[in-house]
Protein chains: 2
Amino acid sequence: MSRITIKDVAKAAGVSIATVSNVINQSGRVSEETIERVKKIIDELQYIPSASARSLRDKHTHLIAVIVPYADRTTLQDNPFYWQLVSAIESGARNHRLHVLLVGVSEEETFSFVREKHLDGLIVVGTFSDSPIMSSLADIQVPCVYLDSYLEDEDLYQIYVDDRKGGYLGAKHLLEQGHRRLALLSNSMTEGGVGEVRYAGFMEAVKEYGVSDETVTLICEDVSMEGGYRAASRIAEFAEGITGVMAFSDIAATGLIKGLHDRGIRVPNDVSVIGFDDLMYSRHMIPSLTTIAQNLSEKGRLSVQLLMEQIECKPPRKSRKVVLPVKLEVRESTANHRSGN
Amino acid sequence: MSRITIKDVAKAAGVSIATVSNVINQSGRVSEETIERVKKIIDELQYIPSASARSLRDKHTHLIAVIVPYADRTTLQDNPFYWQLVSAIESGARNHRLHVLLVGVSEEETFSFVREKHLDGLIVVGTFSDSPIMSSLADIQVPCVYLDSYLEDEDLYQIYVDDRKGGYLGAKHLLEQGHRRLALLSNSMTEGGVGEVRYAGFMEAVKEYGVSDETVTLICEDVSMEGGYRAASRIAEFAEGITGVMAFSDIAATGLIKGLHDRGIRVPNDVSVIGFDDLMYSRHMIPSLTTIAQNLSEKGRLSVQLLMEQIECKPPRKSRKVVLPVKLEVRESTANHRSGN
DNA sequence: CTGAAAGCGCTTACAG
DNA sequence: CTGAAAGCGCTTACAG
């Protein structure tokens, strides 16, 4: 059984294909009774218009892609963060009758598939100004929304959270609890981006509390549990006096806590740990994770909305950057410094 | 700037569009020098063939969809399990030059988009024989691979893990450690599917050890941390003597352990807990989670492969069902029963 | 080795 | 209100 086409419908209804097309697209210039008849036939025949044929004419496909970076050239980042975000995007897209393509990209990615497949738009997660991805993306004339990317270009639609404040709140929380020897666990910051901004916020609080910069140890590792785990050994071996650590992701914080635990360092008794993101499992960890919470559902929903505004050529917004709030979520992994330790 | 088409290339190269098409598709009947010339022009013009136009003719799109069930009609299951699986599928698909659409479906879903968008194939996760999804899928004549679905039809391509053995190994492990009062944490099994099979395997071991069925408490909750957390209170309140629990997912086990912990019940000292899946974070939990490990990467990779075999009409396999192995991963959340408790 | 032509399934002016 | 026709960008017999 080959595909039912508009021709079959037209023949069965005794009208032209133009008329069928008109009833489908509700162009309004068809008589009531013809509409009824054609609709009935469409139902009977279970006719479904071909998206290929349509997009060949219309140029749009109702298809968007979420671009997430590969961890190691072949696999997506092993971080529930992406799943929560992509989930929110999927459900947001659905409300706009869009389908979403999930594509992982490595640095040498080429984006020819965007034009090849006539994608209507792109949501790009976690890139940065000098990234090879940004330059591959340069020619692609397609609506884009960038998440967590800190791009200079004012014309770009961007969404991020208040990373500076997140870093600030994290440091402040640690400092208020009496911790003075602090560590920061970040991805390598050569990339610019969120790490830098959070770092700046963190340091701002440190300064405010009159603590010397030098007591803050910066540790750079992958954003992964393994990265966090490695950081734990670095802290244990090279920085004995540290009692407060902020990780710039819950995922790294998780590995860090485990690493500390495996070395007999208790959290929060010996060392307080604070994360960033508030993943769905963070409240269920033992100890539950103090963290800087962001609303991933909102981020996903909003990214689709910003994309739609571009696709539909809505009147431009005052600013194309949206900053979402963060909030300190105090749980069990942080506690007051005990001078005894 | 509108799209560069095959016409532009043909004109620039001084050949017909048929010739351009032939060099693109390497049909082999073009002279070397023409090939060179055309290729050069293609490069210069950055010509990219239109997938819409192609698929209008060829009928295939190199697009597949991963179908995952919604948790609550609007959001995807909040389970890293899916992310790990979908990641593996994405990277497998990439090796076959396929793109993947991520689509969450609720029970009353219609799959008209499959025909509308001319998808080449579907990977369907976690459905079951009498599911409304299966009946919506019935008409869709498109290659499918079902994951973890226990469908009767022998003609369907299916992949699952050795769930019976998983249940068996879990029970055996608990029993060997001296636990006699056991609980099972599953999703509601009205659905049939993996829960039933794991349950059967579990009971098999119970019988083997001469333990009465009646000492096994079955608890049904959502496959989620919250579900696991609720189960903890049920165990604490209504089944005091239980010392060994198997959850049919790591995600539920995580919530369960947290729930027990919050009630002052220690894992593994008071109660041993074993999960199922071996998610990436399970080894980093505190205590690290004893679990039945499955290889999600392999599952994802294989599902793409089975799909490709159908798409390319490869000679059929002896069996269309593939059962992947499971393996007991003993970690910290289980321990010998202490009669003292 | 190369090209003219038909056709894939639609939509949208344009006539009537 | 309805239909014939052109055209979207390709590929594939078919001629030559």
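Protein chains get the first letters and strands the later ones, always in sequence-line order, with residue 1 at the start of each. Fair warning: this is a prediction, and the values are worked out from it, not measured in the lab.
Nucleotide C:dT12 holds its C1' atom 10 Å from the CG atom of A:Asn25, rounded to whole Å. When rounded to the nearest whole Å, the span between CD of A:Glu32 and C1' of D:dC1 equals 12 Å. Rounded to whole Å, the distance from NE2 on A:His118 to C1' on D:dG9 is 8 Å. As a whole-Å value, the separation of A:Arg57 CZ from D:dA6 P is 14 Å. Rounded to whole Å, atom C1' of D:dC10 lies 7 Å from atom OH of B:Tyr47. Whole-Å rounding puts the A:Ile17 CD1 to D:dG7 P distance at 15 Å. Between B:Lys7 atom NZ and D:dT11 atom C1' the separation is 15 Å, expressed in whole Å. Atom pair B:Lys59:NZ and D:dG9:C1' shows a separation of 14 Å (rounding to whole Å applied).
Of the residues listed (A:Gln158, A:Gln310, A:Arg320), the one engaging A:Val145 in a side-chain contact (heavy atoms from CB on, under 4.5 Å) is A:Gln310, and it is the only one.
Phosphate contact (OP1/OP2 of D:dG3, side-chain N/O of A:Thr19, threshold under 4.0 Å): present. For A:Ser31 and D:dT2, the shortest distance from a side-chain N or O to OP1 or OP2 is below 4.0 Å.
The nucleotide whose nearest atom lies closest to any side-chain atom of A:Ile6 is, among C:dC10, C:dA4, D:dG9, C:dC10.
Under the Watson-Crick or G-U wobble criterion, with both distances below 3.5 Å, C:dA13 is left unpaired in every strand shown.
Taking a cutoff of 4.0 Å between a charged side-chain nitrogen and a carboxylate oxygen, A:Arg94 and B:Glu109 qualify as a salt bridge. Between A:Arg301 and A:Glu298 there is a salt bridge, with a side-chain nitrogen of the basic residue lying less than 4.0 Å from a carboxylate oxygen of the acidic one.
Residue contacts shown for A:Ile24 are absent, as no nucleic acid heavy atom lies under 4.0 Å away.
Donor-acceptor pairing under 3.5 Å is lacking for the side chains of B:Asn95 and B:Ser91.
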